[in-house]
A.B. asks: 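First the structure, then my questions, so here it is.
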2 protein chains.
Amino acid sequence: MAKKGREAEKETYTISELAREFEISTRSIRYYEELGLLSPNRTSGNQRIFTKKDKARLKLIIRGKRLGFSLNEIKEMIEMYDIAGETEQIKLTLKYGEKKLKEIEEKIRELEMLREDLLTIRDILLKRLKELEKSEN
Amino acid sequence: MAKKGREAEKETYTISELAREFEISTRSIRYYEELGLLSPNRTSGNQRIFTKKDKARLKLIIRGKRLGFSLNEIKEMIEMYDIAGETEQIKLTLKYGEKKLKEIEEKIRELEMLREDLLTIRDILLKRLKELEKSEN
DNA sequence: CTTAAATTTTACGTTTACGTTAATGTCATT
DNA sequence: AATGACATTAACGTAAACGTAAAATTTAAG
């Protein structure tokens, strides 16, 4: 395979590069590896090397966290990405995936309800504000 | 005011009734009160009595939790419901509300992305499954 | 009134998700 | 080969959100 014309974006990252980019600590990244959420390769000197895949995975972890999933739940979801296995395994994974999908859709619905609540409160406050400013004249 | 024809739904609840209904522990409910998220009245004997309002509030707390908000964030959001105060206070509250609204909308977007990811994985797994079942003949 | 079931406060324990040293090793540059 | 910046593991510490057990009321039912 011929080299691409221009330098490809960048193929690997150190732990601190990723930490900076995602605004988390290196400790967190190591902790995610400890729990099995990441498995970066190592240099001859035992330092972690993160590929684009690792980076994408980290992004997923962070997104999951922000959405209120525990690291354990995130791990289970991530394992879906790694299924290479047999029919039965795939079926189980699919079933689990459907469950997670429903949970996610439920979360979306709940967020939309919360959003409605806040919008209502905003309206109420805006009205009260108008009246107050009226009576200030 | 005349009484309604039929018994109204039920006006008050004990701590264990709410705990059962929401499938949480009484400890959690007491903890939420400790943090100031709830302020139920007491009987003459000092036991908590929860009104419908308290119940609605608890529901909000639980929803917030499921969506990945901390109890502290939830508290701040709940305080918006309680604003009776002056113009400046209302303006601050409105500003904070806009921020929260944006966060919520961002969460919705992220959940939708996660949903897309899972749907993609599902498709891939379904295809792989079909091929496996084909080759089993 | 008595008793069982429910509730209260107090207080220490636990889990999750990291923070924070400490002691040591690696990499890049001079 | 030495210096400084970055990395590694190990280990103890911490905040949030409860769990759990104990001892003392309170309430509901008989």
Side-chain angles (χ1 to χ4, degrees), chain A residues 10-51 54-55 57-79 103 107, chain B residues 7 10-51 54-55 57-79 103 107 110:
Chain A
K10 196 190 187 195
E11 287 305 313
T12 66
Y13 311 83
T14 72
I15 193 169
S16 52
E17 282 171 341
L18 288 187
R20 253 191 304 277
E21 180 159 350
F22 290 112
E23 299 186 284
I24 59 178
S25 69
T26 57
R27 174 68 172 96
S28 298
I29 297 178
R30 292 197 189 95
Y31 184 59
Y32 301 152
E33 179 178 358
E34 205 178 314
L35 296 190
L37 303 191
L38 290 171
S39 312
N41 286 327
R42 304 294 187 116
T43 69
S44 55
N46 200 35
Q47 297 190 191
R48 277 164 259 251
I49 313 174
F50 296 85
T51 66
D54 294 318
K55 189 179 164 187
R57 201 165 265 225
L58 183 52
K59 197 170 183 178
L60 249 168
I61 295 171
I62 290 166
R63 172 173 297 158
K65 286 216 57 186
R66 291 209 43 231
L67 296 172
F69 294 98
S70 74
L71 291 180
N72 243 304
E73 289 177 306
I74 294 170
K75 183 181 179 181
E76 290 177 332
M77 293 173 71
I78 278 184
E79 278 162 359
E103 281 178 32
K107 280 201 179 193
Chain B
E7 297 279 341
K10 196 189 188 196
E11 287 303 315
T12 64
Y13 311 83
T14 72
I15 191 169
S16 51
E17 282 172 342
L18 288 187
R20 253 192 304 279
E21 179 159 351
F22 289 113
E23 301 187 281
I24 60 178
S25 69
T26 58
R27 175 68 172 90
S28 297
I29 297 179
R30 292 199 188 92
Y31 184 59
Y32 300 152
E33 179 179 359
E34 206 178 313
L35 297 190
L37 303 191
L38 289 171
S39 314
N41 287 325
R42 303 296 185 114
T43 68
S44 54
N46 199 34
Q47 296 189 192
R48 277 162 259 250
I49 312 174
F50 296 86
T51 67
D54 294 318
K55 188 180 164 186
R57 203 166 264 226
L58 182 51
K59 195 170 184 177
L60 248 169
I61 295 170
I62 290 166
R63 172 172 298 158
K65 286 218 56 188
R66 290 209 45 230
L67 296 172
F69 293 99
S70 76
L71 290 179
N72 243 304
E73 288 176 307
I74 294 170
K75 183 179 181 181
E76 289 176 333
M77 293 172 71
I78 278 183
E79 277 162 0
E103 281 178 31
K107 279 201 180 193
E110 288 193 292

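All chains are named by letter (A, B, ...) in the order of the sequence lines, taking the proteins before the strands, and each is independently numbered beginning at 1. All of these numbers come straight from a predicted model, not from anything done at the bench.
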A.B. asks: What is the minimum heavy-atom distance between B/Phe50 and B/Ile29, and which atoms define it?
C.D. replies: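 Nearest pair, atom of B/Phe50 first, then B/Ile29: CZ-CG2, 3.7 Å.
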A.B. asks: Using chain B heavy atoms and a threshold of under 4.0 Å, write down where along DNA chain D the contacts begin and end, 5' to 3'.
C.D. replies: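 The contacted stretch runs from D/dA17 to D/dT27.
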A.B. asks: In chain order, what residues pass the side-chain hydrogen bond (donor to acceptor under 3.5 Å, both in side chains) check against A/Arg30, with sequence neighbours excluded?
C.D. replies: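 Expected list: A/Thr26.
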A.B. asks: Under 4.0 Å between any heavy atoms, over every strand shown, what does B/Thr26 touch: base, sugar-phosphate, or nothing? Just pick one.
C.D. replies: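 It contacts nothing in the nucleic acid.
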A.B. asks: Report the distance from atom CZ of B/Phe69 to atom CD of B/Glu103, rounding to the nearest 0.5 Å.
C.D. replies: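 The CD atom of B/Glu103 is 6.0 Å from CZ of B/Phe69, to the nearest 0.5 Å.
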A.B. asks: Between the side chain of B/Glu17 and the main-chain N/O of B/Thr14, is any donor-acceptor distance below 3.5 Å?
C.D. replies: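 Side chain of B/Glu17 to backbone of B/Thr14: a pair is present.
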A.B. asks: Tell me, please, which residues at least two apart from A/Ser25 pass side-chain hydrogen bond (donor to acceptor under 3.5 Å, both in side chains).
C.D. replies: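 Counting only residues at least two positions away or on another chain, A/Ser25 forms a side-chain hydrogen bond (donor to acceptor under 3.5 Å, both in side chains) with A/Ser28.
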A.B. asks: Listed by chain and number, what are the side-chain hydrogen bond (donor to acceptor under 3.5 Å, both in side chains) partners of B/Ser39, not counting sequence neighbours?
C.D. replies: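 Applying side-chain hydrogen bond (donor to acceptor under 3.5 Å, both in side chains) to B/Ser39 gives none.
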A.B. asks: Just jot down the side-chain contact (heavy atoms from CB on, under 4.5 Å) partners of B/Glu110, sequence neighbours excluded, or say none.
C.D. replies: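 Residues passing side-chain contact (heavy atoms from CB on, under 4.5 Å) with B/Glu110: A/Arg63, A/Arg66, A/Leu67, B/Glu106.
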A.B. asks: Side-chain polar contacts of residues 71-79 of chain B - donor-acceptor pairs under 3.5 angstrom, sequence neighbours left out - could you list them?
C.D. replies:
from, atom 1, to, atom 2, distance (Å)
B/Glu73, OE1, B/Ser70, N, 2.9
B/Lys75, NZ, B/Leu35, O, 3.2
B/Glu76, OE1, B/Tyr96, OH, 2.7

A.B. asks: Mind listing the residues from residues 58-66 of chain A sitting with a heavy atom below 4.0 Å of DNA chain D? Number order is fine.
C.D. replies: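 Close to the strand, none.
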A.B. asks: Below 4.0 angstrom, which residues in residues 28-42 of chain A have at least one non-hydrogen atom near DNA chain D?
C.D. replies: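 Contacts with DNA chain D under 4.0 Å: A/Arg30, A/Arg42.
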A.B. asks: For a side-chain contact (heavy atoms from CB on, under 4.5 Å) with B/Arg57, tell me which candidate from B/Leu38, B/Ile62, B/Thr51 qualifies.
C.D. replies: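 So the option named by the test is B/Leu38.
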A.B. asks: Could I get the full list of side-chain contact (heavy atoms from CB on, under 4.5 Å) partners for A/Thr43, not counting sequence neighbours?
C.D. replies: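 Testing A/Thr43 for side-chain contact (heavy atoms from CB on, under 4.5 Å), a comparison that skips the adjacent residues, returns A/Gln47, A/Ile49.
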A.B. asks: Using a 4.0 Å cut-off on protein heavy atoms (strictly under), produce a 5'-to-3' string for nucleotides 20-30 of chain C with B for base contact, S for backbone-only sugar-phosphate contact, and - for none.
C.D. replies: B-----SS---
A.B. asks: Among all residues two or more places apart in sequence or in another chain, which pass the side-chain contact (heavy atoms from CB on, under 4.5 Å) test with A/Lys59?
C.D. replies: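 For A/Lys59, the residues satisfying side-chain contact (heavy atoms from CB on, under 4.5 Å) (neighbours in sequence not counted) are A/Phe22.
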A.B. asks: Which residues pass the side-chain contact (heavy atoms from CB on, under 4.5 Å) test with A/Glu34, not counting sequence neighbours?
C.D. replies: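 Scan of A/Glu34 (side-chain contact (heavy atoms from CB on, under 4.5 Å), adjacent residues dropped) gives A/Arg27, A/Tyr31.
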